[in-house]
Each structure stands twice: as C-alpha cells, then as structure tokens.
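Report on the following structure.
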Amino acid sequence: MNLPTQPYKGARDFYPSDQAKRNYMFDVMKRVVRSFGYEQYDAPLIEPIEIYQAKSGEEIVNEQTYTFIDRGDRKVAIRPEMTPSVSRMVAAKRQELSYPLRWFSIPNLWRYERPQRGRFREHWQLNVDLFGVSNIAAELELIMIADSIFKAYGAQESMYAIRINHRELLDEIFLNKLKMSPEQAVSLSHLIDRRAKLSHSQFLDLLDRILTPLQKENGIAEELLSLFDANSIDQLPKDLLELKPVKDIQALITACNTQNINNISFDISLVRGFDYYSGIVFELYDSDPENNRSMIGGGRYDGLVGLFGVDPLPTVGFGMGDATLTNFLENHHLMPELSNVVAVYVAPIGGDDSLSEANKVASLLRQSNINVAVDISGRKLGDQIKTAQKKAIKYVLIIGSKEIETQKYTLRDLDKSSEATLTLKQLIDKFS
C-alpha cells in the first residue's frame, strides 16, 4: 500500500517558497506590533473544552472544534481560537502583571469547516490584545495597528475598508426596541453574523423561526430589516442616536480620522460571531470584489478574563488570518519576489582537498552572518551550477586546486554570466 502524499484535508504543506511568503508576512506583523510596544507570548495547542464552551459560541464549539478524550479521561480541544487561552494566562497572573498589558501571538488554529479559498481547517493567525484600558483609546490603538500592518505591506487605503459597530447598540435594538428575549437576541446575533453567507430567502426563513407569532404580527421582521438597511449612523432612528454606544462609534471614527485613517465606517450588520464581545467590534475588509471578505476581526471583550475566577479586566483584541492575507497581497500585487536565503553556493571541484577547503571557507563566511551552502555531492561543476540555478541562488563560489593554491576564489554571478577572482576578505566585504 502506498502512503498518501497529500496533507490532511484543510491543512497545507509549506514548501520553502511557500514558507518564504509566510515568513515575510509574519516578519512584517511582528515588526509593526512590536513598534507599538507589544510582547510575544504563546500557549498550548490543546486546552480544556470548558474554556471554549463558556463564551466562544455554539457554532464554534459544537460544529467546528476538534475535541477528543485524552488518556486521563479529560475532554480537550485543539484550539479553534486564541482569545480564551490568552485570557486564561492573564487571569492566572492577574495581580502580577502590569497594565496596560500589550501581548501578541501568531498561533496555528484548527476548525472543522469546509475548506475553500481563503479558509482552511488549519490556519495561522496574528492575535493582538490590549488589557487594562476601558475607553476607546484601546480600540483606536488596535485599529491603528491593523491599519499600520496593511500600510507596511504597501497597501493603499482604497484597497481595504474598516467597518465598526457596537454590541451594546445591537442589544439595545434587540432587547429594548424590538422587545426580544435574551435567547432570541443571541440567536438573532448569530443569524446576522451569517447573513452574508445566506440568500435573502434563507435569511428570512431563519428569521421567521426565531420570532414568535405575536412578534411577526407586530411587524418586528420588517422593522428589523429597515434598521439593518441603514448605511450610516445618520440613518438610524433618532431614539438610537442619543445612546452611548452610538456616541462611542462616532468618537472612534473621528479619532481614526485624526490619525489619517479615513477608510472607516459604521456597519450596523457587523456582529462578530463570538459571544464574549461586549462593546465596539470591528473588521477590516478587502475592497477587491474577487476577495471581498473580512481579513481582520476583533473588538472589546471585557468579561472574559473574569470567567476564570478573578476580577474582570477591560480588553480589546483582534485576529488576522494568514490565508486571506495571502490572497490580498497576491490579488493586489503586493507580495514581493522573495529570493533564496542562501547568498552563496560553494562548488568544490577536484576531490577531497577542494571539499575541505570549501567547508573551511564556508565556515568563515558564516561567521560573518553570510548564508552559505556547500555542494557535497562530488558532481561535475556544470551539475552543481544547475542546482544553484534551480534554487535561484545568484552566486556560485568555485573552489579547485588553483583556488587552494592562490587563496583567491572564483565567484560566478549567474544572473550576469560574469566571474570575479576574490580573496576571502573581499568575499566577506561583498556579502556583508
């Protein structure tokens, strides 16, 4: 029986060229978030299922989470998201940590969902979280970070849009204005979060199942649809305009504008599917109609740390997946040409003495932080050069008996088809 060569469904192999792209994306992320003062952390891949059952949401836990019983008869899960883990970690040292606390991570996550373009069962996600700030300065900082990351990739504001909403505004609409029960409000939030994935008739059918006969008779469905047709804050009913959540949204948009973030707008249909969100929520969308989907999602979740038996802690965070980002960079032609990290390919010719000299020279070059690969195959020079070309390595350093004797080495530039004879010091100066 032949073993399969393909990875598990919904997971990906990263060959060196793929890994180079991922390294580039992660390096930019790390550079930007560290420039804002954030520190990197990590957590286990496996967690007790309870930390997701508490607030992640029914769909995530029941339909998308990989769970199993371990050898100690404990029900555990492969992490579908990072927010419960970082909340657990902060709760464990609640009194020891200094606030505001700025942390980030780039974990791999698993969700059992249908693989499609930009969505896999395993993916990597930048998580950025700010603990200990209760006002919108925290949301502003997170949106500034998200905006700075995309600008660091070379993106223009026209390429992406930032949308914001407030969960308390939705609660006000569902519970007070439309007189729904808390259970109906949760169900309706989940339905609205899925609205873009449903046809209009499917949405109406599912909405009909949530409402009671009396609510249908009172025209709640029509009132709800009218509210969710609002394209700006000004189109909301006057009784909603005086609410604090609406004023917070307006203040945040103004604050973003003062920081030259002008592609931000109010979106009443933005919910975010996790039950732990408690305040402002936001998403960043690709403006390309071929990839018009959310690439960053986040918001305020003040109550999650408190679920671990400590005092609650105001928190804002966001997540940014690698797959949708890759599509964005490639669609907008922002993914750079990434060269091989090997600067010099050393080709020894003429036996053991040449290989020994090649290893010695390579070691000295590496001491100067120059990446060097030595061909140890014993093949002819032409074959060694072909290998360097296939690996997209620009320079081949040829070492034979003449080079050993003179201590001057032949450096061939494969792009220009030219050669130079250089001493070891000259080689180090060239590549340093």
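We're numbering straight along the sequence, starting at 1.
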Using the side chain to side chain contact (heavy atoms under 4.5 Å, CB included) rule, pick out the option among Ile280, Ile136, Ile162, Ile253 that qualifies with Ile143.
Ile162
Does a donor on one side chain sit under 3.5 Å from an acceptor on the other, for Ser85 and Glu47?
yes
Hey, are the side chains of Glu157 and Asn262 touching, using non-hydrogen atoms and a 4.5 Å cut-off?
yes
Determine whether the side chains of Thr410 and Glu403 contain a donor N or O and an acceptor N or O closer than 3.5 Å.
yes
Please name all residues satisfying side chain to side chain donor-acceptor pair (under 3.5 Å) with Tyr395, sequence neighbours left out, ordered by chain then number.
none
With a 3.5 Å cut-off and no angle check, do the side chains of Glu357 and Tyr409 form a donor-acceptor pair?
yes
Tell me whether Asp27 is salt-bridged to Arg31, with the criterion being a basic N under 4.0 Å from an acidic carboxylate O.
no
Can you tell me if Asn108 and Arg79 form a side-chain donor-acceptor pair at under 3.5 Å?
yes
Flag the pair Arg102 and Glu141 as a salt bridge only when some basic side-chain nitrogen lies within less than 4.0 angstrom of an acidic carboxylate oxygen.
yes
So, for Tyr153 and Phe328, is the gap between ring centers shorter than 6.0 Å?
no
So, does Gln367 use its side chain to make a donor-acceptor pair with the main chain of Leu364 at under 3.5 Å?
no
Arg412 and Ser417: side-chain donor and acceptor closer than 3.5 Å?
no
What's the separation between atom CZ in Phe282 and atom CD1 in Ile164, rounded to the nearest 0.5 Å?
9.5 Å
Thr65 versus Ile78: any side-chain heavy-atom pair under 4.5 Å?
no
Output the distance between atom CG (Leu355) and atom CG (Asp353), rounded to the nearest 0.5 Å.
9.5 Å
Hey, what's the ring geometry for Phe150 with Tyr160, parallel, tilted or perpendicular (30° and 60° as the breaks)?
tilted
Excluding sequence neighbours, so at least two apart, what forms side-chain contact (heavy atoms from CB on, under 4.5 Å) with Ser134?
Pro314
With a distance cut-off below 6.0 Å to the six-membered ring centre and an angular limit of 45° from the axis, does Arg111 pair with Tyr66 as a cation-pi contact?
no
N/O donor-acceptor pair under 3.5 Å between Ser432 side chain and Ile428 backbone
yes
Can you check whether Ile349's main-chain N or O pairs, donor with acceptor, with Ser354's side chain at less than 3.5 Å?
yes
Regarding Arg94 and the six-membered ring of Tyr99, is the cationic atom NZ or CZ under 6.0 Å from the ring centre and inside 45° of its axis?
yes
N-O pairing of Arg121 and Glu113 below 4.0 Å:
no
In plain terms, say whether Asp18 and Arg22 are close enough for a salt bridge, that is, a side-chain N and a carboxylate O under 4.0 Å apart.
no
For residues Tyr41 and Ser105, is any side-chain donor paired with an opposing acceptor at under 3.5 Å?
yes
Side-chain donor-acceptor pair under 3.5 Å between Ser199 and Ser201, yes or no?
yes
Going by side-chain contact (heavy atoms from CB on, under 4.5 Å), name the residues that satisfy it together with Ala138, two or more places apart in sequence or in a different chain.
Leu130, Val133, Arg300, Val316
Any side-chain donor paired with an acceptor under 3.5 Å for Tyr345 and Asp375?
yes
Any salt bridge linking Arg272 with Asp193? Criterion: basic side-chain nitrogen under 4.0 Å from a carboxylate oxygen.
no
Rounded to the nearest 0.5 Å, how far apart are CZ of Arg163 and OG of Ser265?
6.5 Å
Using a strict cut-off of less than 4.0 Å between a Lys/Arg side-chain nitrogen and an Asp/Glu carboxylate oxygen, indicate whether Arg167 and Asp171 qualify as a salt bridge.
no
First locate atom NZ of Lys425, then atom OG of Ser368, and finally report the distance between them rounded to the nearest 0.5 Å.
10.5 Å
How long is the straight-line distance from OG1 of Thr326 back to CG of Asp322, given to the nearest 0.5 Å?
5.5 Å
Salt-bridge contact Arg34-Glu39 (side-chain N to carboxylate O under 4.0 Å):
no
With distance as the sole criterion, is a donor-acceptor pair present between the side chains of Asn165 and Asp267 under 3.5 Å?
no
Scan Val86, Val33, Asp129 and name whichever one has a side chain to side chain contact (heavy atoms under 4.5 Å, CB included) with Phe104.
Val33
Run the salt-bridge test on Lys75 and Glu50 with the 4.0 Å N-O cut-off and return the result as yes or no.
no
To the nearest 0.5 Å, tell me how far Leu284 CG sits from Arg293 CZ.
13.5 Å
Taking the side chain from His166 and the backbone from Glu168, do they hold a donor-acceptor pair closer than 3.5 Å?
yes
Could you tell me whether Arg195 sits above the aromatic face of Phe203, with NZ or CZ closer than 6.0 angstrom to the six-membered ring centre and within 45 degrees of the axis?
yes
Within the side chain of Ser148, is there an N or O that forms a donor-acceptor pair under 3.5 Å with the backbone of Ala146?
no
Indicate, with yes or no, if the rings of Trp124 and Phe14 have centres closer together than 6.0 Å.
yes
